[in-house]
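Order of listing sets the numbers, starting from 1, for every ligand and every atom in it. Values in this document were obtained by computation on a predicted structure and should not be read as measured data.
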Amino acid sequence: MLIFNKKSDLSAFLSPLLNQNKSIGFVPTMGALHQGHLSLLKKSLLENDVTVMSIFVNPTQFNNTEDLDKYPRTLERDVQIMQDLSNNIIVYAPEVEDIYEGYTASESFDYDGLENQMEGKHRPGHFDGVGTIVKRLFEIVKPSKAYFGEKDFQQLQIVKKLVSKYNISVEIIGCPIHREANGLAMSSRNERLSEPAREKAAIIYQILNSAKEIFKRNSVVETHQFVENEFKKHPEFQLEYFEIAEETTLLPISEKESNKKYRGFIAIFIENIRLIDNISLN
Ligand code: PAF
């Protein structure tokens with residue numbers, strides 16, 4: 001398995017492959033790999049001649065320094081996990097300097113309002129940081145396809161908007177959420193949870209599933225009330241938001257309309273660790 005730390009070395013390696021019209025599949029990550037990441041890698045390995053995975057904890061997408069400092073960094077273990085999966089994965093694991101060249105700041109992006117909802121509202125600047133790094137990585141790797149998990153559903157929509165607005169020639173592939181046996185959405189942040197909290201966090205998905213049933217027969221307001229009341233019974237959780245939004249615009253709704261697809265989105269803290277999840281409601 002090849003590991004590059006410098007974009008110049010990675011580009012020099014990929015350039016002849018691009019000249020031979022080899023297709024490059026790309027899986028951008030911040031490391032601390034789990035089964036969800038591996039499912040993206042497996043799909044890319046199947047669908048492309050070459051697969052590149054980046055591992056980079058991108059400072060500009062964190063609006064909270066404690067969250068950035070505590071983000072799990074497990075490069076050696078990640079490399080081992082990838083080696084066990086396939087020897088054909090090209091890893092790009094740069095330092096901040098290689099990406100930001102002495103100026104660690106975000107560019108600003110207009111995603112037609114997608115950035116103003118949910119994660120964008122609660123993590124100011126987050127999607128400028130995501131857009132900055134994803135655009136730079138696309139420029140370096142020049143992938144034909146790039147794979148993103150639906151756990152970060154808003155991020156997936158934002159990346160689709162980024163490539164269409166900035167005419168970046170890459171197909172964005174969204175992949176289903178992977179869940180632990182108890183239903184908790186897989187996330188690198190789960191590593192920071194104590195065992196009891198990891199078990200308790202199973203109720204997030206249970207409540208989302210119940211909300212889906214409630215939503216079928218009840219109003220949007222009643223569905224919100226249900227979720228809020230359920231979490232009040234579990235004071236170890238602090239609910240940041242539960243939103244019901246239309247899937248493509250991500251605009252929150254107050255009433256259902258026929259022929260529209262809706263999702264429930266949640267951000268919640270347990271042990272001061274912020275978890276997000278979402279579910280298709282219809
Ligand atoms: O989803 C993530 O892990 C990150 O937001 C991404 C897409 C790798 C950009 O840093």
Subject >> Geometric class of the Tyr100/Phe56 ring pair [parallel <30°, tilted 30-60°, perpendicular >60°] >> reply: tilted

**OP:** Locate the shortest heavy-atom distance separating Leu137 from Ser54; write the atom from each residue and the value.
**Re:** CD1-OG, 3.8 Å

**OP:** Would you check if the distance from the ring center of Phe109 to the ring center of Tyr166 is below 6.0 Å?
**Re:** yes

**OP:** Give the contacting part of Thr29 toward ligand 1: side chain, backbone, both or neither, where contact means a heavy-atom distance below 4.0 Å.
**Re:** backbone

Original post:
Short list, please: which atoms of ligand 1 are under 4.0 Å from a heavy atom of Ile133?
Top reply: 9 (C), 10 (O)

Original post:
Looking only at protein heavy atoms, which one is nearest to atom 2 (C) of ligand 1, and how far off is it?
Top reply: Gln155 NE2, 3.9 Å

Subject >> Distance under 6.0 Å and angle within 45° of ring axis: Lys160 vs Tyr111 >> reply: no

Original post:
Would you say Asn58 has any N or O atom under 3.5 Å from an N or O of ligand 1, going by distance alone?
Top reply: no

Original post:
Taking the six-membered ring of Phe153, is the NZ or CZ of Arg263 close enough (under 6.0 Å from the centre) and on axis enough (within 45°)?
Top reply: yes

Original post:
Among protein heavy atoms, which sits nearest to atom 3 (O) of ligand 1, and what does the distance come to when rounded to 0.1 Å?
Top reply: Met30 CG, 3.6 Å

**OP:** For atom 9 (C) of ligand 1, find the nearest protein heavy atom and state the residue, atom name and distance (0.1 Å precision).
**Re:** Gln61 OE1, 3.3 Å

